[in-house]
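Counting convention: from 1, in listed order, for ligands and their atoms alike.
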Amino acid sequence: MATKEKTVWYCSACGNESPKWMGRCPACGEWNTMVEAPKATRRTPASSAVGRASQSAPRPLSSIEGDAGERVSLGIGEVNRILGGGLVPGSLVLIGGEPGIGKSTLSLQIPLASPELRTLYVTGEESERQVRMRADRLSGGVLPENCQVFCETSVERIVEVAGGMNPDLVIVDSVQTMSADSVDSAPGSVPQIKEVASRLLRFAKESGVSVILIGHITKDGYIAGPKILEHIVDVVLQFEGENRGAYRVLRSIKNRFGSTSEIAVFEMTGAGLKEVANPSEMLIPMHGEGLSGTAIASTLDGTRPLFFEVQALVSSAVYGTAQRSATGFDVRRLNMLLAVLEKRAGFHLSAKDVFLNMAGGLKVSDTAVDMAVVCAVLSSNFDLPLPSDVCFAGEVGLSGEIRPVAQTDRRATEAARLGFRRIFVSSFARVEGVEGIAVEKVADVPALVKALFR
Ligand code: TYD
Ligand code: MG
């Protein structure tokens with residue numbers, strides 16, 4: 001009797017499986033994410049993440065070797081730092097990002113910058129010639145002897161070849177182009193992505209070889225793939241940045257071996273990604289005093305505070321309803337700050353268009369930027385430039401109060417190092433006498449306005 005091929009529905013955001021189509025995924029609540037795919041039938045026994053049942057047995061914790069912090073150092077210092085001091089042998093690292101952000105470039109720069117490591121660079125997207133041409137451009141002609149390029153999309157073949165070669169590092173670009181023979185569905189589908197990642201994870205754990213896996217994210221931030229993998233892999237690094245801007249931020253979202261709050265900044269140049277060791281110096285304007293509508297904010301991602309310019313333009317509304325637009329900042333938060341200015345400080349901005357921009361294509365979610373946003377808006381509104389040696393670190397609350405933010409002292413110290421003379425913070429911030437900078441404490445928005453604009 002002929003059997004009808006079984007299909008199931010998968011949520012492309014979270015990987016939830018359902019026997020029928022649904023408009024909204026019951027697991028993650030996203031709309032229109034269910035896609036149909038053949039039911040994952042495995043011809044081989046189900047793969048477990050770390051070893052087959054027959055080989056593993058419980059052991060006393062104290063008898064297990066801990067690899068006392070042994071890490072493989074890559075040739076790119078910023079990547080080492082964000083990984084927590086290098087790659088842990090046998091780890092699976094996922095690098096996610098939108099198309100064109102520079103994932104393939106970074107993943108090829110790693111073997112080029114680490115010539116002593118034996119690497120297997122697997123690509124399912126580009127031909128050998130394309131890889132060679134890109135490598136020539138990135139390296140200026142000096143190519144490492146230890147890097148093998150392998151154009152392949154079958155994960156079984158990759159594991160077989162990598163097992164025979166025993167390299168230090170395997171790079172796979174990208175998870176969406178790979179497929180496992182044991183799963184009957186198209187490359188890039190949820191079952192395939194899960195199977196490919198767990199095969200590579202098992203390979204990494206069994207052989208002790210580190211694997212870097214590249215994954216695409218779709219434009220709306222909905223990761224067709226990597227989101228599903230976040231719980232499988234050891235480390236998730238996300239590449240962010242405005243495509244037009246030159247800066248790229250690599251952010252650690254998950255790290256089983258280190259902190260997740262680190263960021264690394266790169267600049268995309270004609271010869272690949274260049275590390276930006278001191279990003280604040282590039283994000284702070286060189287024009288000195290005289291421009292209204294700008295204020296310097298600080299954001300703390302990881303262990304290093306970052307200072308950058310917030311730009312605002314306030315002009316009379318052309319249409320009946322005023323426009324509000326924000327690049328790199330949540331527009332709803334901008335609306336909230338404008339409402340606070342109106343209600344608590346008496347500025348009528350409802351008939352004004354307000355445009356806001358974070359310099360360098362940064363995307364910011366730290367609420368410590370609020371105070372700089374408010375000051376940039378007011379500075380543009382009054383056409384009054386702020387002094388160039390002033391910066392801000394404070395959150396604005398709904399009643400107009402300035403609230404303290406995390407690690408104000410570290411921000412103040414870094415601001416002093418960058419040459420600022422005054423930093424405005426909340427009156428409740430716990431920070432005393434920082435050398436080289438005056439810490440100005442303000443309680444609310446009216447006090448801030450009084451200090452700077454009256
Ligand atoms: P790529 O690494 O191919 O992106 P992804 O793999 O994330 O899709 O990089 C894409 C962009 O980077 C491409 O638009 C061109 C630019 N680029 C440079 O500006 N300089 C370079 O040296 C390279 C290799 C790429
Ligand atoms: Mg690519």
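For atom 21 (C) of ligand 1, a protein non-hydrogen atom is found at a distance below 4.0 Å. In this structure, atom 13 (C) of ligand 1 is not in close contact with the protein, since no protein heavy atom lies within 4.0 Å of it.
Of the heavy atoms in Met268, only side-chain atoms (C-beta onward) come closer than 4.0 Å to ligand 1. Residue contacts with ligand 1 for Pro99 involve N, CA, C or O but no side-chain atom from C-beta outward (heavy atoms, distance under 4.0 Å). Contact annotation: for Thr269 versus ligand 1, heavy atoms closer than 4.0 Å belong to the backbone alone.
Put simply, the side chain of Asp370 never gets that close to the backbone of Glu395: no donor and acceptor are under 3.5 Å apart. Remark: the backbone N or O of Ser252 is not paired with any side-chain donor or acceptor of Gln238 at under 3.5 angstrom. Side chain of Ser379 to backbone of Gly293: a donor-acceptor contact under 3.5 angstrom is found.
Within the 2.8 Å limit, Ser104 places at least one N, O or S atom next to the Mg ion (ligand 2).
A perpendicular orientation is assigned to the rings of Trp9 and Trp21, their planes being inclined by more than 60° (bins at 30° and 60°).
Taking all atoms of both residues into account, the shortest heavy-atom contact from Glu125 to Asp173 is OE1-OD1, 3.8 Å.
Within the set Thr105, Asp173, Leu108, the minimum heavy-atom distance to atom 24 (C) of ligand 1 is found for Thr105.
Using a 4.0 Å heavy-atom cutoff, Gly97 is absent from the residues neighbouring ligand 1.
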